[in-house]
Amino acid sequence: MTQNYPVQVELTEGKDLLLAGVRPVETETVSLENGFGRILAEDIRARENIPPFDRSPLDGYALRARDIALASREAPVTLTVTEEVPAGAVAGAPVGAMEAVRIMTGAPVPAGADAVVKYEDTCFTEHRVTLFTPAASGSNIVRAGEDVRAGDIVMEAGDVLNPARIGVLAGLGYPRVLVYRRPLVRIISTGDELVDIARDLAPGKIRNSSAYMIQAFLQSWGMDARIHPIVGDDKDQIRKALETCMEDADCVLTTGGVSVGDFDFVLPAMEAAGAAILFWKARMKPGMATIGARKGKTLLVGLSGNPSAAVAALFVLCLPALRRLCGRRDWELPVIQAVLAEAYDKPSPGGRVLPGRLEIRDGTPFFITQKHQANGMISPWSRCNLVGMVPKGTGPLEKGSRIEAYFLTSAGF
Ligand code: AMP
Ligand code: MG
């Protein structure tokens, strides 16, 4: 068989091969109430000012600064209170010479006034207010547009709608918003040993744990992830499952059967289903045996059956492409640096992915490695919140070395 794809790619090469050619999915309109976590598909240009008018940030008196320019303890100035403006109302008349308007927090500053003095700094009766110090013109006035200025771009397509952005959209009067639809990702678990989680275990069988973990990761990243029924180690069955899933999925992830064992059929099955293989195997541990492929617009990734290896490859090879598919403009993962709390004594000739836990000690982020961990385990990542990255060609790491890491959960929200 002629092999026209790279084998044993570098990590960044594998990641970039998956990224290349990925375009965001189509868009849809959702109500702002359902916007949380979605990816904005339009630039938002503020069509109004926030606040919409000059307003008072406190309860006090709106007045003309020049009228109290000479006020002092010895020579207080008394102004006539002409009316009261609660929030939501507007003054009936401008503030004239030696006049003041009693004004509440959030109420518009009346025409004529150029300063607001808070109650606590005055003496007042119903119709009079006395001031003991001058106020600078403009003091205690929140200007229209100070928060958001009409005409400014306040968010861009590709931004994640986090709660604060939802707040700004609400402030600008967006009951609906254009977002990218959630990409559909189908997960096919392959392996004769697998049984569905609701079934009893027969001798030699294990539960299909990886699929549920992968589904949940994809959901946490805003995707619509669905689990396909388990497929045995059979090239034709795998091909058929791939073809079925590719009918509507934006991405198909498989687990198992990506090595060189006698029952590893995922790669030939992908080829038989008409996919172009982008790479097979990446220089990383765990997760080395990973396949990247594509058919038309559909991204295909063959992950190892080993749960820890599947997570590692899903993160460092696959996630940037998935984020791009989702429409995010920050598809590369944010990286932090953490200090190794203990020595890591293995060398890393290829890149290494380490499950770790973030602990902040005296303000410094520490990376706590997991003692009890191996590729085939499902439990290590459940105790972790960091994905540690040891660059290729690194020797054993001393305690106190810096290690780069991605956040395992809520990536980028
Ligand atoms: P494979 O990638 O098919 O060589 O499988 C590697 C290891 O992962 C084997 O021990 C499998 O039994 C195990 N495995 C495969 N698929 C899954 C799965 N969906 N959930 C949990 N373990 C799995
Ligand atoms: Mg297998």
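All ligand and atom numbering here is 1-based and tracks the order in the structure. Bear in mind the structure is a predicted one, so any value in this text is a computation, not a measurement.
Comment: E10 engages K392 in a salt bridge, judged by a side-chain N to carboxylate O separation of less than 4.0 angstrom. Of the charged side-chain nitrogens involved, none lies within less than 4.0 Å of a carboxylate oxygen, so that D234 and K240 do not count as a salt-bridged pair. Between R199 and D196 there is no salt bridge, since no side-chain N of the basic residue sits under 4.0 Å from a carboxylate O of the acidic one. For the pair R64 and D67, the salt-bridge criterion is met [side-chain N within less than 4.0 Å of a carboxylate O].
Under the side chain to side chain contact (heavy atoms under 4.5 Å, CB included) rule, D250 has a single partner from E26, R181, R182, which is R181. Screening L253, L194, I227 for a side chain to side chain contact (heavy atoms under 4.5 Å, CB included) with S189, the sole residue that qualifies is L194.
Here is the list of ligand 1 atoms found below 4.0 Å of a heavy atom in T255: 19 (N). Residue-ligand proximity, R207 to ligand 1, at heavy-atom distances under 4.0 Å covers atoms 20 (N), 21 (C).
Taking distance alone, with nitrogen or oxygen atoms compared against 3.5 Å, S259 stays at or beyond that limit from ligand 1. At a 3.5 angstrom cut-off on N or O pairs, E193 counts as close to ligand 1. For ligand 1, none of its N or O atoms has an N or O atom of G256 under 3.5 Å away. Checking only distances, G257 does come within under 3.5 Å of ligand 1, N or O to N or O.
Without hydrogens or angle criteria, N49 side chain to A150 main chain gives a donor-acceptor distance under 3.5 Å.
In L194, the part holding a heavy atom less than 4.0 Å from any atom of ligand 1 is the side chain.
Here the protein heavy atom with the shortest distance to atom 2 (O) of ligand 1 is G305 N, 2.8 Å. Annotation: atom 19 (N) of ligand 1 to nearest protein heavy atom, N208 OD1, 2.8 Å. Shortest contact from atom 10 (O) of ligand 1 to any protein heavy atom: N306 OD1, 4.3 Å.
For the pair S209 and ligand 1, a heavy-atom separation below 4.0 Å is found.
Taking the centre of each ring, F315 and W221 come in below the 6.0 Å mark.
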